[in-house]
Structure formats: structure tokens, C-alpha cells
Amino acid sequence: MKKFFIYLTIITPLLFICPTINCQDKNNFIRPGQVWPDNEGKHINAHGGGILFYNGTYYWFGEYRLLRSEKDKSRYGVSCYSSKDLLKWKNEGLALRVISDSATLLQPGCIIERPKVIYNKKTGKFVMWFHHELKGQDYKAALTGVAVSDNITGPYKYIHSLRPNAGVWPQNYPDEYKKAKEGDASLRTGSAEWKTAVIEGLLVRRDLAGGQMARDMTLFVDKNGKAYHIHSSEENMTLHFSELTDDYLDFTGKYFRVLPGGSNEAPAIFFNKGKYFMFTSGTTGWNPNPARLSVSGKLTGDWKLIGNPCRGTEDENKITFGSQSTFILNIQGKKSAFIFMGDKWNPDNLSDSRHIWLPVEWEKGNPVIRWYRNWDLRKLQ
Ligand code: DGJ
């Protein structure tokens with residue numbers, strides 16, 4: 001009887017109050033790794049993406065994915081979602097669509113990955129770049145594609161795809177790396193000798209005429225308005241920071257090799273208090289690996305690898321909490337508040353890959369990330 005009384009007077013009211021509290025909490029909480037429903041109740045299908053803040057709204061662009069088992073790699077294109085608060089997202093539809101015409105490179109069945117959009121103040125246009133692979137060629141082509149629109153949500157008009165910087169040497173490239181070396185042709189890919197030769201320009205020389213490879217990519221607009229296309233090049237061994245023209249639609253031909261031979265993918269860059277920080281991953285396909293943090297005082301300067309920015313258990317750190325970086329988002333109006341955005345890939349159903357967003361925290365002046373099952377956006381002040 002006493003138990004029943006306790007239940008009736010204490011537990012029953014809690015049962016009513018708690019869901020309300022939870023429910024209110026739910027509205028402010030980021031829940032990494034869970035299904036994130038959009039305004040139509042569907043999991044947000046924007047993977048390997050990035051966010052652009054424009055006119056009071058965040059716009060999230062990403063890969064619109066299907067089941068991997070379906071033959072066509074990209075049957076749709078790049079999706080766009082909008083939000084005022086980073087919590088409730090409206091599906092704005094496809095910003096860039098593949099074109100059903102076998103004469104175009106952007107035909108269904110090609111691969112579109114890691115799209116990013118930036119705004120050009122001079123032209124008033126929105127510019128999208130994305131990693132582009134050709135239909136039926138797996139990841140061989142290593143191209144980057146560009147599209148442009150007058151409206152942020154699109155439709156974006158596809159311009160073309162290319163390998164950047166054909167015919168020009170990197171800016172930070174010693175003269176002795178320009179000449180082919182004896183034995184170059186007989187090096188076994190992946191061997192220690194090959195890796196040394198790659199650091200000394202083997203693949204830059206190989207790709208000089210046709211342009212440098214461009215796979216995983218991001219865009220970064222520096223304080224002076226200059227934009228850079230940052231991409232894994234040289235068979236994913238070295239990052240290239242390639243300057244874009246003033247309209248952001250092409251390459252100037254000025255580019256820099258960063259962390260040569262470091263095998264970095266998934267670059268995500270941000271600037272805080274006089275320093276540039278870059279999150280990258282190693283190269284293990286869809287499988288997560290330990291994240292890497294690099295820092296530099298100059299965007300195109302000497303980047304220094306700091307180590308793994310994850311602060312979890314040993315097992316969590318080995319796989320970046322199951323994710324791979326895609327973008328670092330600065331919260332509008334809060335200069336030093338950033339969100340690490342990553343993808344927890346599900347290669348058997350890429351559309352169900354989950355979003356891992358974690359608050360960027362600081363430790364001795366360097367960014368670190370910790371796992372939170374859920375976290376309040378207001379934590380980022
Ligand atoms: C790792 C890259 O970061 C992804 O974007 C994707 O290209 C996979 N590799 C494919 O295996």
C-alpha cells in the first residue's frame with residue numbers, strides 16, 4: 001500500500017513532467033549519429049557536405065545518396081537544406097542535378113562527392129565545387145567540377161569538370177623536383193622508395209601536362225576574399241591548396257603543396273585567433289580512421305601536423321567517434337564558436353550515413369573534440 005502511495009504521489013507526476021523536460025531539451029539538442037529528420041520527417045540526405053550562412057539562414061549542401069547497392073552512383077546530385085537555428089532543417093530540394101544526356105560528364109552514374117558552396121561578393125553569384133568522377137570509371141578521373149547560380153538554393157548551372165593547374169608547377173616546389181629521376185618508372189607503387197619519390201615530386205611531374213588530381217575537397221575563403229580549392233592530390237598522398245580566380249570559377253594557376261606524402265583526405269579548415277586549423281583523415285575508404293589536426297600561421301604556409309584532436313577513449317580516438325571530417329562550421333555571430341561536422345559513413349546504404357556534429361573545444365590553444373551523445377547548442381558561447 002505504502003509502495004502504491006509513493007508511486008502515485010512521486011513517480012506518476014514525474015512520468016508526466018520528464019517527457020516534457022526531455023521534449024524541450026530535444027528541441028535544443030544536437031544528437032550525433034542519430035537519424036536527423038528534416039521538415040518532411042526524412043533523414044537529412046546531405047553527406048560529405050558543408051554549410052554557407054547567407055542572409056540570416058544556414059544552407060547545408062551535400063551529396064544526395066542512394067543505396068550503394070544501386071548501380072547508378074549519383075542519380076540525383078547535390079541536395080540543399082536550410083535552417084535558421086541549425087536544429088530544424090527544411091529540404092530545399094536538389095541544388096545541382098545530374099543531366100540525363102550522355103554527352104555531358106555530369107550524367108547519371110557519375111560520382112559527385114563533398115560539394116561546397118561559397119558566395120562571391122563581387123559577382124553576386126553562388127559558386128559550387130565538388131569532387132567529380134566519371135561514369136563507369138570508379139575513382140580514376142580525379143576531377144573537380146564547378147557550377148554557378150544566382151540563387152543560393154539553385155538551380156546551379158554546371159560549367160565543367162577539370163584537373164586543376166595544368167602546365168604549372170606548385171609555388172613551393174624546389175627546382176630540383178622538376179626533372180625526372182632515373183628509375184622513376186620502375187618504382188613499385190606504395191613502396192618506401194615510391195613514397196620518397198612522391199614527396200620529391202614524382203606525381204606532380206607525371207600530371208603536369210594534364211592537370212593535378214583532385215579528389216576529396218573543400219573550399220576556404222580567406223579574410224582578404226581570396227578563395228582556395230583544397231584537395232587531395234597526387235594519388236591522395238599530398239594536399240594541394242589551389243587559388244581560385246576573383247570570380248571563384250577557375251584556378252589562377254597558383255598552388256601550394258601541403259603535407260607532402262602525408263596521405264590526407266577529408267580536409268576541413270577554419271581560422272581562429274590568428275591561426276589556421278585543418279582537420280583531415282587518413283585514407284581508408286569508407287572506414288573511419290584517426291583524425292589529424294594541423295596548424296599554420298599562414299593559409300599557404302608551412303602546415304604542422306599536431307596529432308589526433310579526439311579526446312575520447314583509445315578506441316573512440318582510433319575512429320574519430322566513427323566519423324570522417326567534412327566541414328568546420330563557424331556559428332554566426334560567435335567568432336570563436338565552431339562545430340566539427342563529420343560523416344559516419346554507411347557504405348551499404350550511403351543515404352543512411354549519419355551526421356556527427358560535435359562542439360569544437362579548446363586545449364592549450366588547439367581545437368579538440370569530445371563525444372557527446374547529445375549536446376545543447378547553447379554550450380557554444
Ligand atoms: C574516402 C573519401 O573521404 C570519401 O569521400 C569517399 O570518396 C570514400 N573515400 C570512397 O571510398
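Order of listing sets the numbers, starting from 1, for every ligand and every atom in it.
Contacts of His131 with ligand 1, taken as heavy-atom pairs under 4.0 Å, are absent altogether.
Distances between N or O atoms of Arg114 and those of ligand 1 include at least one value under 3.5 Å. Taking any N or O of Trp345, backbone or side chain, none lies under 3.5 Å from an N or O belonging to ligand 1. Every N/O-N/O distance between Glu63 and ligand 1 stays at or above 3.5 Å.
A salt bridge links Arg370 with Glu363: at least one charged nitrogen is closer than 4.0 Å to a carboxylate oxygen.
Between the side chains of Ser102 and Gln107, no donor-acceptor pair is found at a separation under 3.5 Å.
Those atoms of ligand 1 with a heavy atom of Tyr139 less than 4.0 angstrom away are 7 (O), 10 (C).
For Gln212 (side chain) and Arg163 (main-chain N/O), no donor-acceptor pair under 3.5 Å exists by modelled atom type. Remark: the backbone N or O of Gly312 is paired with a side-chain donor or acceptor of Asn317 at under 3.5 angstrom.
Between Phe338 and Phe270, the two ring planes are tilted [angle within 30° to 60°].
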